[in-house]
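In what follows, residues are counted from 1 in the order of the sequence shown.
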Amino acid sequence: MEKVILEGYITVADAEIEAVKAALITHIKLTRAESGCLVFNVQQAADNANKFDVYEEFIDEQAFIGHQQRVKTSQWAKITVNVSRHYNIQGLA
């Protein structure tokens with residue numbers, strides 16, 4: 001089984017930054033507690049308040065897909081419905 005790595009960023013509108021930052025605390029905590037999550041980092045870029053850099057590692061495709069399924073119905077999904085996602089994913093079949 002190959003590890004799955006997601007790298008990239010999200011862009012957030014000015015009006016939604018504070019809500020995203022507040023929801024991010026719980027999103028990070030829940031994701032890091034998932035079985036199969038090795039690394040999960042989301043940080044607001046120092047040079048662009050609207051950009052949040054994302055880096056994730058999961059032990060395998062099953063763990064990554066499980067994470068994606070959980071997130072689809074989460075509070076994070078509701079709050080970030082309007083963000084623009086720019087990801088590169090390695091390790092998926």
Side-chain angles (χ1 to χ4, degrees):
M1 287 190 257
E2 186 175 350
K3 179 168 50 174
V4 175
I5 298 172
L6 180 148
E7 290 183 274
Y9 63 94
I10 61 174
T11 54
V12 180
D14 289 339
E16 297 178 348
I17 289 176
E18 291 309 314
V20 167
K21 286 171 56 175
L24 188 55
I25 297 165
T26 300
H27 179 54
I28 290 172
K29 180 180 176 180
L30 291 174
T31 301
R32 288 180 178 169
E34 290 176 14
S35 175
C37 178
L38 299 171
V39 178
F40 189 80
N41 294 318
V42 182
Q43 295 182 344
Q44 191 172 24
D47 61 343
N48 182 347
N50 299 92
K51 181 180 175 190
F52 290 74
D53 296 312
V54 180
Y55 182 83
E56 307 175 8
E57 288 185 17
F58 289 86
I59 60 169
D60 59 20
E61 187 171 348
Q62 182 179 355
F64 178 77
I65 290 170
H67 165 69
Q68 294 297 314
Q69 289 174 340
R70 180 192 67 79
V71 170
K72 283 181 184 178
T73 60
S74 71
Q75 185 65 22
W76 176 252
K78 293 174 187 165
I79 290 181
T80 62
V81 69
N82 295 319
V83 306
S84 177
R85 291 168 167 82
H86 308 270
Y87 299 142
N88 178 33
I89 303 172
Q90 302 170 22
L92 292 179

Problem - Given Gln75, His67, Gln68, Gln69, the one that forms side chain to side chain contact (heavy atoms under 4.5 Å, CB included) with Val71 - result: His67

Practice task
Could you state whether Val54 and Leu92 fall into the same hydrophobic cluster, counting links through intermediate Ile, Leu, Val, Met, Phe, Trp or Tyr residues with side-chain heavy atoms under 4.5 angstrom apart?
Solution key: yes

Practice task
Verify the cluster assignment for Ile89 and Val42: are they in a single hydrophobic cluster under the rule of side-chain heavy atoms below 4.5 Å apart?
Solution key: yes

Practice task
Apply salt bridge (Lys or Arg N to Asp or Glu O under 4.0 Å) to Glu57 and list each qualifying residue two or more places apart in sequence or on a separate chain.
Solution key: Lys3

Practice task
Taking all heavy atoms of Ala63 and all of Gly36, pick out the closest pair and write down the distance.
Solution key: CB-CA, 3.8 Å

Exercise for the section: State yes or no: do Ile5 and Ile10 share one hydrophobic cluster built from I, L, V, M, F, W and Y residues joined by side-chain heavy-atom distances below 4.5 Å, directly or via other members? Expected result: no

Handout entry: side chain to side chain contact (heavy atoms under 4.5 Å, CB included) against Asp14, all qualifying residues, sequence neighbours excluded
Key = Ile17, Asn50

Handout entry: Asn41: side-chain hydrogen bond (donor to acceptor under 3.5 Å, both in side chains) partners, not counting sequence neighbours
Key = Arg32

Handout entry: All ring pair (Phe, Tyr, Trp, His ring centres under 6.0 Å) counterparts of Phe64, not counting sequence neighbours
Key = Phe58

Fill in the blank from the handout: When rounded to the nearest 0.5 Å, the distance separating OG of Ser74 from CD1 of Ile79 is 8.5 Å

Practice task
Answer with yes or no whether the hydrophobic clustering places Trp76 together with Ile28; edges join I, L, V, M, F, W, Y residues whose side-chain heavy atoms lie under 4.5 Å apart.
Solution key: yes

Problem - Of all pairs that satisfy salt bridge (charged side-chain N to carboxylate O under 4.0 Å, His left out), the ones with a partner from residues 65-88, not counting sequence neighbours - result: Glu34-Arg70

Practice task
Name all pairs fulfilling the side-chain hydrogen bond (donor to acceptor under 3.5 Å, both in side chains) condition that reach into residues 15-26, sequence neighbours left out, sorted by first residue then second.
Solution key: Glu16-Asn82

Problem - Minimum-distance pair of heavy atoms, taken over all atoms of Thr31 and Cys37 - result: O-CB, 3.4 Å

Problem - ring pair (Phe, Tyr, Trp, His ring centres under 6.0 Å) against Tyr9, all qualifying residues, sequence neighbours excluded - result: His86

Handout entry: In one Ile/Leu/Val/Met/Phe/Trp/Tyr side-chain cluster, 4.5 Å: Tyr87, Phe52
Key = yes

Exercise for the section: Report the distance from atom OG1 of Thr80 to atom NE2 of His27, rounding to the nearest 0.5 Å. Expected result: 7.0 Å

Fill in the blank from the handout: Going by chain and number, the hydrophobic cluster around Val81 (ILVMFWY, side chain to side chain under 4.5 Å) further includes none

